[in-house]
Number of protein chains: 2
Amino acid sequence: MIDQTANVLKALGEPTRLKIIKFLSARELCVCELVEVLGISQPRVSQHVKVLKQASLVNERKVRQNSYLSIDEAVLKDAIIIPFQTLMQTRLDKLPELKAENQRFELLEANTAVTACKEGNKRKKFSGNSNQIA
Amino acid sequence: MIDQTANVLKALGEPTRLKIIKFLSARELCVCELVEVLGISQPRVSQHVKVLKQASLVNERKVRQNSYLSIDEAVLKDAIIIPFQTLMQTRLDKLPELKAENQRFELLEANTAVTACKEGNKRKKFSGNSNQIA
DNA sequence: ACATAGTATAAGTATATTATTATATACCCC
DNA sequence: GGGGTATATAATAATATACTTATACTATGT
């Protein structure tokens with residue numbers, strides 16, 4: 001989930017790919033049209049489109065020898081908002097990928113709101129009772 | 001605008017940084033706590049936090065020698081949704097960064113909906129009046 | 001002032017990404 | 001099948017990123 005979400009965000013986090021997305025939002029375009037419009041090489045377009053397709057951000061419709069690319073605005077929005085918000089809204093203990101991290105985090109939390117930092121511990125000790133992180 | 005939007009998405013498009021964001025959404029944490037929780041080196045945390053700060057995704061509050069990091073859920077949501085949606089909703093001709101690209105695109109559009117592809121043009125001629133694609 | 005905790009930065013290395021050039025594949029029309 | 005178009009892939013070079021180790025900086029407590 002984390003890796004996949006990161007992947008979608010990363011796919012969009014590149015200027016050339018954002019431009020492709022932007023023009024595809026105007027209308028369906030084939031690779032050679034993107035080449036014309038963006039004024040960049042055909043392999044460069046193909047490679048970026050590949051990344052976008054792998055992230056399921058663009059659809060492809062083959063007509064004759066052309067590869068027409070398009071985006072579904074709603075799907076696109078969902079591609080960003082849903083994975084990210086789902087990740088953010090999922091409880092930490094429901095994320096298997098963060099099992100070890102969350103265990104350490106819960107230890108932190110269990111320790112009556114004391115930080116993991118040694119200075120924090122020191123301060124805590126001074127002020128009375130500490131049971132620390134491990 | 002495009003570069004900046006790409007930058008924000010890129011900052012979030014990395015697993016370690018997403019994890020940091022996820023834990024900061026639980027509560028404010030300092031660098032050394034993130035080190036503990038994530039189980040990774042301190043420079044690694046500092047470096048990723050730097051990227052997140054540069055993208056204005058986390059806030060920093062210095063207390064004693066600690067650097068407490070936090071995120072504002074709303075700001076975070078906006079950091080993703082607003083830049084991206086603004087980009088998507090802004091008319092092509094209002095994006096100075098895409099001036100050249102858009103001029104070529106409008107040429108395409110002006111040509112009675114014919115594609116830039118040579119094959120597309122050929123088809124147009126042959127079929128007399130195919131309103132191609134879109 | 002000294003020792004220590006917390007954080008930041010520098011240097012180095014390994015890997016990944018981007019872009020270019022050249023080439024291969026697929027498809028269409030004649 | 002030959003010629004041409006559209007796209008994909010391979011090889012390569014340039015650059016960027018992520019991570020580690022070592023070190024510097026800053027603040028704090030004694």
Side-chain angles (χ1 to χ4, degrees), chain A residues 3 6-7 9-20 29-55 58 60-69 114-127 132-133, chain B residues 3 6-7 9-20 28-55 58 60-69 114-127 130 132-133:
Chain A
D3 285 348
N7 224 40
L9 294 170
K10 188 175 177 182
L12 288 165
E14 205 279 336
T16 302
R17 289 195 287 270
L18 260 192
K19 289 179 192 174
I20 290 175
L29 290 166
C30 67
V31 173
C32 68
E33 287 175 317
L34 283 171
V35 168
E36 287 277 335
V37 170
L38 299 178
I40 62 180
S41 72
Q42 175 267 313
R44 191 172 158 189
V45 170
S46 277
Q47 285 159 3
H48 282 299
V49 165
K50 189 178 182 180
V51 174
L52 292 171
K53 282 195 291 192
Q54 282 171 345
V58 308
E60 189 179 31
R61 184 173 66 95
K62 299 242 183 193
V63 176
R64 319 176 111 247
Q65 70 268 60
N66 296 71
S67 192
Y68 287 102
L69 308 162
V114 156
T115 80
C117 317
K118 296 187 181 176
E119 183 63 20
N121 290 335
K122 232 159 72 177
R123 298 233 314 144
K124 181 103 193 283
K125 266 184 205 148
F126 281 105
S127 63
Q132 211 39 35
I133 216 202
Chain B
D3 285 349
N7 223 42
L9 294 170
K10 189 176 178 182
L12 288 165
E14 206 279 336
T16 302
R17 287 195 288 271
L18 261 192
K19 290 179 191 173
I20 290 175
E28 184 184 57
L29 290 167
C30 66
V31 173
C32 68
E33 287 173 317
L34 283 171
V35 169
E36 286 279 335
V37 170
L38 299 178
I40 62 181
S41 71
Q42 175 267 313
R44 192 172 157 189
V45 170
S46 277
Q47 286 159 3
H48 282 298
V49 165
K50 188 178 183 182
V51 174
L52 292 170
K53 281 195 292 192
Q54 282 172 344
V58 308
E60 189 179 31
R61 185 172 65 96
K62 299 242 182 194
V63 176
R64 316 175 114 252
Q65 71 270 58
N66 297 70
S67 193
Y68 285 102
L69 307 162
V114 156
T115 78
C117 319
K118 295 185 183 176
E119 184 63 21
N121 290 334
K122 233 160 68 177
R123 294 237 313 145
K124 176 103 194 284
K125 273 182 203 146
F126 279 106
S127 59
S130 71
Q132 211 53 13
I133 234 205

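Labels below follow one simple rule: chain letters A, B, ... track the order of the sequence lines, proteins then strands, and each chain is numbered from 1.
- Every residue meeting the salt bridge (charged side-chain N to carboxylate O under 4.0 Å, His left out) condition with B:Lys53, not counting sequence neighbours, appears here in chain and number order: B:Glu60.
- Across the protein-nucleic acid pair, B:Asn66 atom CG and D:dA27 atom P stand 13 Å apart, rounded to whole Å.
- Between the P atom of C:dT18 and the NZ atom of A:Lys19 lies a distance of 14 Å, rounded to the nearest Å.
- The separation between B:Leu34 atom CG and C:dG6 atom P is 13 Å, rounded to whole Å.
- When all heavy atoms of B:Leu18 and A:Ala6 are compared, the pair lying nearest together is CD1-N, 3.7 Å.
- Here the closest non-hydrogen pair linking B:Val63 and B:Arg61 is CG2-NH1, 3.4 Å.
- Rounded to whole Å, atom P of D:dT7 lies 12 Å from atom CZ of A:Arg64.
- When all heavy atoms of A:Val35 and A:Ile40 are compared, the closest pair comes out as CG1-O, 3.2 Å.
- Summarising the geometry, atom CD belonging to B:Gln65 is positioned 8.5 Å from atom SG belonging to B:Cys32; distances are rounded to the nearest 0.5 Å.
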Legend entry - Reading 5' to 3' through nucleotides 17-22 of chain D, protein heavy-atom contacts under 4.0 Å coded B for base, S for sugar-phosphate only, - for none: SSBBBB
Legend entry - Watson-Crick and G-U pairing of DNA chain D written in dot-bracket, each distance under 3.5 angstrom, with | for inter-strand partners: ||||||||||||||||||||||||||||||
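- Closest to the side chain of B:Cys32, from the set C:dA8, C:dG6, D:dA8, is C:dG6.
- Shown here for B:Leu29 and B:Glu33, the closest heavy-atom pair between the two residues is CA-OE1, 3.4 Å.
- B:Asp3 contributes atom CG, which lies 10.0 Å from atom NZ of B:Lys10 (distance to the nearest 0.5 angstrom).
- Between B:Ser46 and B:Val31 the shortest heavy-atom distance is OG-CG1, 4.1 Å.
- Atom pair B:Leu29:CG and C:dG6:C1' shows a separation of 15 Å (rounding to whole Å applied).
- Spacing between atom NZ of A:Lys50 and atom C1' of D:dT9 amounts to 7 Å, rounded to whole angstrom units.
- Atom NZ in A:Lys62 sits roughly 15 Å away from atom P in C:dT25 (whole-Å rounding).
- Whole-Å rounding puts the A:Gln65 CD to D:dT5 C1' distance at 5 Å.
- Going from atom CG of A:Leu52 over to atom CG of A:Leu69 covers 9.0 Å, rounded to the nearest 0.5 Å.
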